[in-house]
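To start, the structure under review is shown below, and the notes come after it.
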Amino acid sequence: MRTYILALTKYGITALVAVYTILAFAVLFQKRRSRLQLLSFLQAVCLFLFQLLSYFTLWIALRDVGYLFFCAIQLVVFLAAAVMYRALYPRAYMPLFNNMCMMLSIGLVILSRLGFDQAIKQFIIATGSLVLAVVLPMLRGSFYMLKKPKYLYAFAGIVMLAIVMMMGATTLGAQITWTIAGLTFQPSEFVKILYLLFLASTLKDAQSLRDVFAVAVFAAAHVLVLIGSTDLGGGLIFYIVFLFVVYYATHKGYYLAGGFGAAALAAVVLYHRFSHIRQRVQAFLDPWSLIDSIGYQVTQSLFAISAGGLFGSGLGQGSPEKIPFAESDFIFASLSEEFGMIVGICVIALCLNCFLMMMSLSMKFADKFYRLLAYGIGILYGAQSFLTLGGETKFIPLTGVTLPFISYGGSSILSMTILFTIVQIMYMLRGEKIDEYREKRNLQLRRRTAREQAIDERDRYGHRYRETDRMTIDNYY
């Protein structure tokens, strides 16, 4: 009986994630607001059913009632966040909010399987992130002020990264963390926010090569400090974001071509400079001959992804704990083993879906600062997801970056939640501007109609249309 139930829940989880993914892409082609709201509601239903079924499966498989209590708390938090978001911000883009919650849920479920203590810590951070997502849009009236600091963003970001490089703790060979009052966090995750604000606020006014060069100097300083901290994955993300935002701001292809040429040259230099880069490249080229040493991580990841098959071994029935850094760098391999390749493909598709959503939204903004900022956030999210997923599937060498919202790591979740919320704020401001414009236009139409009716009355009954009549009409409307 227990085996039969676990088999059914396995297929049920796969079906729910697949349906959610289909709805997420259906949203991209939907323009009518009523249908968008319906699809968003169906997404939320799939999300909550996924949480219920996943934790029910863990309870059956591992026979620990704590999973059910944990599920109940999660449902309350996610439901409260969704209801408040819909009630407070009718102009919010709910599909993007749903995607964020869905990926948080997937991460929490697989972390619950890997280590309950880690899942609890992640949930506490996720709860704080959802609170931020609900509260920050209340301050959108002052959002225009973010355009002003410009190069101050760069100075603040470089100083923070430099302090970490000199005084930070070493994590997996890179000096990237601070520990304050027992709490460890990664400042570079929050510098990403400052960096994007810096690029958007400066490049919105860039007209010449000199303007771009000035921005490039400060962008290069960010990248060089990250390289000095041996945070090469972070440095690569910063560099990719700079290249594409510059191209989007100027529409000049030679910036992009020159940037890729410089990146190729830098890759050769860094390959000879850092031994761990050489090891990762060797592990990428032929991990099987190095399976007992530097190829162990990649091969275990590939074994785990293939071991689950299409529908997975089932929650609580695989061996994801055998994968090195299963909760962080190799979270995709862990979930693919227990959820299956179909869910793994859906996770990749959801990452692509978030990227496409932000690209689509960026093109709708008339303000160039908003447009560049949304585009930069989309590029950063897409680049980070690609580097993580590509490394775990042996598509590219490992970079050691986390999968947004899913991997274990509080700093990553907080910073990415803030970035997603910034996109939401800009979308809300756009909607409010459209409503304001429509209201003004409707007011003008009502005034014009009232004047025409007054003139008709005059012509019909011979009354004189006085100036006081026009003033009365205008004051009424």
Side-chain angles (χ1 to χ4, degrees), residues 16-50 78-105 130 132-141 143-144 346 349-375 377-378 381 405 417-446 449 477:
L16 285 171
V17 176
V19 170
Y20 180 94
T21 305
I22 292 170
L23 291 172
F25 278 91
V27 163
L28 292 176
F29 304 99
Q30 196 55 249
K31 294 183 179 180
R32 290 182 60 180
R33 186 166 181 81
S34 58
R35 291 184 180 177
L36 191 66
Q37 289 175 337
L38 175 61
L39 292 174
S40 176
F41 174 75
L42 293 175
Q43 281 184 305
V45 172
C46 289
L47 165 61
F48 291 120
L49 289 177
F50 165 78
F78 279 95
L79 181 61
V83 170
M84 290 181 66
Y85 215 78
R86 288 176 183 274
L88 291 173
Y89 312 117
R91 280 294 177 184
Y93 193 66
M94 289 306 298
L96 187 62
F97 181 81
N98 289 339
N99 279 1
M100 182 179 74
C101 292
M102 185 63 178
M103 289 186 288
L104 281 172
S105 297
L130 290 173
L132 271 179
V134 173
V135 172
L136 283 180
M138 295 179 183
L139 307 175
R140 64 188 181 278
F143 190 80
Y144 70 94
C346 288
L350 286 176
C351 292
L352 176 62
N353 185 258
C354 288
F355 171 76
L356 292 176
M357 277 185 184
M358 285 186 275
M359 293 297 100
S360 175
L361 293 177
S362 71
M363 291 186 287
K364 294 179 180 179
F365 298 131
D367 189 300
K368 193 173 182 180
F369 172 76
Y370 291 2
R371 197 159 62 245
L372 290 176
L373 186 54
Y375 180 83
I377 292 171
Y381 174 81
F405 297 116
T417 300
I418 292 172
L419 290 175
F420 270 52
T421 304
I422 287 174
V423 176
Q424 290 278 16
I425 288 172
M426 293 188 292
Y427 185 79
M428 292 176 200
L429 290 172
R430 172 183 176 271
E432 289 167 0
K433 283 286 186 183
I434 292 174
D435 288 344
E436 182 181 346
Y437 170 78
R438 286 175 177 170
E439 183 61 30
K440 287 182 179 178
R441 186 169 179 81
N442 289 336
L443 180 62
Q444 291 173 350
L445 289 174
R446 288 197 299 270
T449 302
Y477 287 102

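Side-chain atoms are counted along with the backbone in the values below, which use heavy atoms only and exclude waters and symmetry mates.
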Flag, side chain of S360 to backbone of L356, donor-acceptor distance under 3.5 Å: no

Over 12 non-hydrogen atoms of neighbours within 6.0 angstrom of NZ in K364: yes

Distance (rounded to the nearest 0.5 Å) between F78 CZ and S105 OG: 4.0 Å

Between CZ on residue F355 and CG on residue L352, distance to nearest 0.5 Å: 7.5 Å

Y85: ring-ring contact (aromatic ring centres under 6.0 Å, His included) partners, not counting sequence neighbours: Y89, F97

Considering all heavy atoms, the nearest F25-A349 contact: CZ-O, 3.3 Å

Qualifying residues under ring-ring contact (aromatic ring centres under 6.0 Å, His included), relative to F420, sequence neighbours excluded: Y381, F405

Evaluation steps, side chain to side chain contact (heavy atoms under 4.5 Å, CB included), between L429 and Y370: CA-CA 10 Å; L429 290 172; Y370 291 2; 3.5 Å; yes

Contact summary for I425 and L136, nearest pair of heavy atoms: CD1-O, 3.9 Å

Nearest non-hydrogen partners of L23 and L42, listed with the distance: CD1-CB, 3.7 Å

Test side chain to side chain contact (heavy atoms under 4.5 Å, CB included) applied to C101 and L130, step by step: CA-CA 9 Å; C101 292; L130 290 173; 4.0 Å; yes

Nearest-0.5 Å distance, CG of residue L139 to OG1 of residue T421: 11.5 Å

Verdict with reasoning, N353 to T21, per side-chain hydrogen bond (donor to acceptor under 3.5 Å, both in side chains): CA-CA 9 Å; N353 185 258; T21 305; over 6 Å; no

Contacts of type salt bridge (Lys or Arg N to Asp or Glu O under 4.0 Å), residue R371, not counting sequence neighbours: none

Side-chain donor-acceptor distances from residues 27-38 under 3.5 Å, at least two apart:
unit_1: R33; atom_1: NH2; unit_2: P90; atom_2: O; d: 2.1

Contact check, side chains of N98 and S40, non-hydrogen atoms, under 4.5 Å: yes

CD1 on I434 to CD on E439, rounded to 0.5 Å: 14.5 Å

Residues forming a salt bridge (Lys or Arg N to Asp or Glu O under 4.0 Å) with R91, sequence neighbours excluded: D435

CA sep, side-chain torsions, deciding dist, call: M426, D367, side chain to side chain contact (heavy atoms under 4.5 Å, CB included): CA-CA 10 Å; M426 293 188 292; D367 189 300; over 6 Å; no

Nearest non-hydrogen partners of R86 and A44, listed with the distance: NH2-CB, 4.5 Å

Residues that Y427 engages under ring-ring contact (aromatic ring centres under 6.0 Å, His included), provided they are two or more places apart: Y93

Side chains of F143 and F369 in contact at under 4.5 Å (non-hydrogen atoms): yes

Nearest heavy atoms of C354 and M103, plus distance in Å: SG-CE, 3.6 Å

Worked verdict on V423 versus L361 for side chain to side chain contact (heavy atoms under 4.5 Å, CB included): CA-CA 8 Å; V423 176; L361 293 177; 3.8 Å; yes

M84, CE atom: more than 12 neighbouring heavy atoms under 6.0 Å: no

Value rounded to 0.5 Å, distance of CG in L39 from CD1 in I22: 12.0 Å

Contact summary for M359 and A374, nearest pair of heavy atoms: CE-O, 4.5 Å

Distance, nearest 0.5 Å, that separates CD of Q424 from CD1 of I422: 11.5 Å

